[in-house]
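Inspection log for the structure reproduced underneath, given as structure tokens.
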Amino acid sequence: MDIEERIKRRTQNETQPRFITDYQLISPVAHANEPVARGPLLEQLLDFLEPAFNGSIPPNGYVYGPTGSGKTAVVSTLWDNLDQLPSGSVATIHTSTRVQTKTFPRFTYIDGRQASSTFAFYRAVLDSIAADQVPKHGIGTETLRERLTENLEGSPGLIISVDHVGESLSIDETEFIDLVRGLPTNVSWLAVSRKRPNETPLTEYTGKSISVDRYRKQILVDILMQRASDGLANQAIRHPIAADISQWADGNAHDALCVLFGAAMRVDDANRAQFADTDITAVIKNMRHSRVPLGVVFSLPKNRQSVLRELVRLGPDQRQSVSTATNAIEQSDLSESTVKRFLYELAESGIIERKESDTTHSKGRPPSKVIPRFPAEVFARLYDFQQTS
DNA sequence: GATCCACGGGAATACACGGATG
DNA sequence: CATCCGTGTATTCCCGTGGATC
């Protein structure tokens with residue numbers, strides 16, 4: 001908590017500190033600036049990028065590892081820092097005999113979940129390097145590509161990291177290969193994916209693959225303790241509790257942080273000061289059927305997110321069929337049939353599941369009940385928090 | 001005015017069941 | 001008894017529209 005925040009609390013007479021002192025710092029979708037225990041991975045990435053520090057472009061690369069292993073945290077943070085390098089312009093290096101000038105390539109991180117179409121991808125890349133505004137509409141994909149090429153002509157180049165390649169709601173692998181074919185030769189890329197090198201066509205185009213292992217149990221405990229000490233009231237979490245969460249999460253930091261967050265919500269809502277074992281077990285029980293990371297849900301268009309927010313508000317009886325769920329969802333700016341279509345689309349992409357309903361129906365095609373497949377409680381809280389802040 | 005992409009709405013189609021028909 | 005058909009519900013898919021730009 002920074003000074004500004006502390007003063008704000010006092011001026012608002014919140015003298016009694018809450019259990020959760022900072023939602024952002026324990027949020028499973030926020031990444032720490034200093035990823036815990038990922039030094040070796042950072043070094044491997046910097047090795048891979050070595051040519052860039054001498055002013056040229058490295059070969060294409062591939063980073064892979066299981067979900068929740070910190071790939072996004074490390075790569076996005078690293079790229080953010082690298083983009084601070086003086087690029088295109090001149091960096092002076094003083095040696096004993098003379099002054100050398102160096103130019104570095106630029107660095108851009110692209111989240112494939114948010115740039116999944118050809119148009120969106122080229123636009124995102126161009127937007128990150130162009131000096132002036134890039135239109136969101138009214139311009140052809142090919143025009144965008146040409147502008148991108150013009151923009152990079154004669155420059156030291158560009159190194160893009162493209163995250164979540166090959167996931168269902170992100171850039172498809174074969175599409176990606178076509179996309180990067182359209183880029184000028186002074187661009188190289190690092191694809192980040194869950195698939196092993198032998199399971200993807202991408203590695204035919206890459207010079208190097210870097211593997212990320214799932215977190216070891218003890219590291220995950222450290223991460224939880226760190227997050228808890230940053231975002232929760234003092235001494236909020238005891239080591240055995242963190243160990244329990246870590247044991248259950250099996251190396252998946254996203255899942256572990258969801259449990260921490262969900263449990264902290266309960267303590268905070270009840271105005272308590274400590275975790276009880278039941279907080280952890282209850283949240284774990286609710287997480288049992290979650291397979292979709294929150295990052296996927298928060299990458300959806302705003303109107304899909306608001307439909308999901310309403311959906312998780314409903315009780316199981318209101319989710320007995322797609323139709324009843326549609327009727328129960330209140331959306332002033334969308335028609336009923338659109339809400340319904342959204343639900344089918346979300347089911348198609350696996351974010352929610354349709355399962356044959358257990359209620360007996362005499363007439364018509366049997367309905368299917370609707371079940372969220374993401375951490376619903378945590379999503380709801382973070383969503384509401386975003387709306388108000 | 002022509003062109004571009006994204007979005008939303010509803011039409012069209014698929015499916016399940018029960019009763020009718022031969 | 002096997003098949004057809006009507007009805008009601010579930011699901012998919014396409015096309016018009018709109019905002020933006022050139």
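Reminder, nothing fancy here: chain letters follow the sequence lines and each chain counts from 1.
The pair A/R113-A/D163 does not count as a salt bridge, with every side-chain nitrogen at least 4.0 angstrom from each carboxylate oxygen. For A/R291 and A/E353, the salt-bridge test passes: some basic side-chain N is under 4.0 Å from an acidic carboxylate O.
Regarding contacts with the backbone of B/dC5, a side-chain N or O of A/T141 is found under 4.0 angstrom from either OP1 or OP2. Taking side-chain N and O atoms only, A/R147 has a distance below 4.0 Å to OP1 or OP2 of C/dC22. Note on A/N303: every side-chain N or O is 4.0 Å or more away from OP1 and OP2 of B/dC7. For the pair A/S323 and C/dA10, the criterion of a side-chain N or O lying under 4.0 Å from OP1 or OP2 is met. The shortest distance between the side-chain N/O atoms of A/T338 and the OP1/OP2 oxygens of B/dG10 is not below 4.0 Å. The phosphate of B/dG9 has neither OP1 nor OP2 within less than 4.0 Å of any side-chain N or O from A/S337. Between B/dG8 and A/S335, no contact under 4.0 Å exists linking OP1 or OP2 to a side-chain N or O. Within the 4.0 Å cut-off from OP1 or OP2 of C/dT12, not a single side-chain nitrogen or oxygen of A/Y344 is found.
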Give every donor-acceptor pair under 3.5 Å between a side-chain atom in residues 57-70 of chain A and any protein atom, sequence neighbours left out.
| unit_1 | atom_1 | unit_2 | atom_2 | d |
| --- | --- | --- | --- | --- |
| A/N60 | OD1 | A/W189 | N | 3.0 |
| A/N60 | ND2 | A/Y205 | O | 3.2 |
| A/Y62 | OH | A/S193 | OG | 3.2 |
| A/Y62 | OH | A/K195 | O | 2.8 |
| A/S69 | OG | A/P66 | O | 2.7 |

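Nearest nucleotide to the side chain of A/S368, out of C/dT11, C/dT21, B/dG9: C/dT11. Taking the side chain of A/R304 as heavy atoms from C-beta on, and the options B/dG8, C/dT12, C/dC22, the nearest nucleotide is B/dG8.
Direction change of the helix axis from one end of the helix from B/dG1-C/dC22 to B/dG22-C/dC1 to the other is 40°, with five pairs defining each end axis (rounded to 10°).
Residues A/K71 and A/L41 fail the side-chain proximity criterion, which asks for heavy atoms closer than 4.5 Å. Between A/Q274 and A/V267, every side-chain heavy-atom pair lies at or beyond the 4.5 Å cut-off.
A cation-pi contact, defined as under 6.0 Å to the ring centre and within 45° of the axis, is absent between A/R145 and A/F121.
Atom CD of A/E50 sits in a crowded spot, with more than 12 heavy atoms from other residues, nucleotides or ligands closer than 6.0 Å.
Atom-to-atom, CG of A/L144 to P of B/dC5 comes out at 9 Å; the value is rounded to the nearest Å. Going from atom NE2 of A/H137 over to atom C1' of B/dA2 covers 17 Å, rounded to whole Å. The distance from atom CD of A/E142 to atom C1' of C/dC22 is 16 Å, rounded to the nearest whole Å. Rounding to whole angstrom units, CZ of residue A/F342 and C1' of C/dT11 are separated by 16 Å.
Among the protein residues, A/S117 comes within range of the sugar-phosphate backbone only, with heavy atoms under 4.0 Å from sugar or phosphate atoms but none that close to a base. Using a 4.0 Å heavy-atom distance criterion, A/R354 is classed as a sugar-phosphate-only contact.
If you look at A/F261 and A/F379, their ring centroids are not closer than 6.0 Å.
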Distances for protein N or O near nucleotides 12-16 of chain B N or O, under 3.5 Å:
| unit_1 | atom_1 | unit_2 | atom_2 | d |
| --- | --- | --- | --- | --- |
| B/dA14 | N3 | A/R365 | NH1 | 3.2 |
| B/dC15 | O4' | A/R365 | NH1 | 2.9 |

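Hydrophobic cluster membership is shared by A/L294 and A/I26, with clusters built from Ile, Leu, Val, Met, Phe, Trp and Tyr side chains linked at under 4.5 angstrom.
Put simply, CD1 on A/I160 and OG on A/S188 are 8.0 Å apart, with the number rounded to the nearest 0.5 Å.
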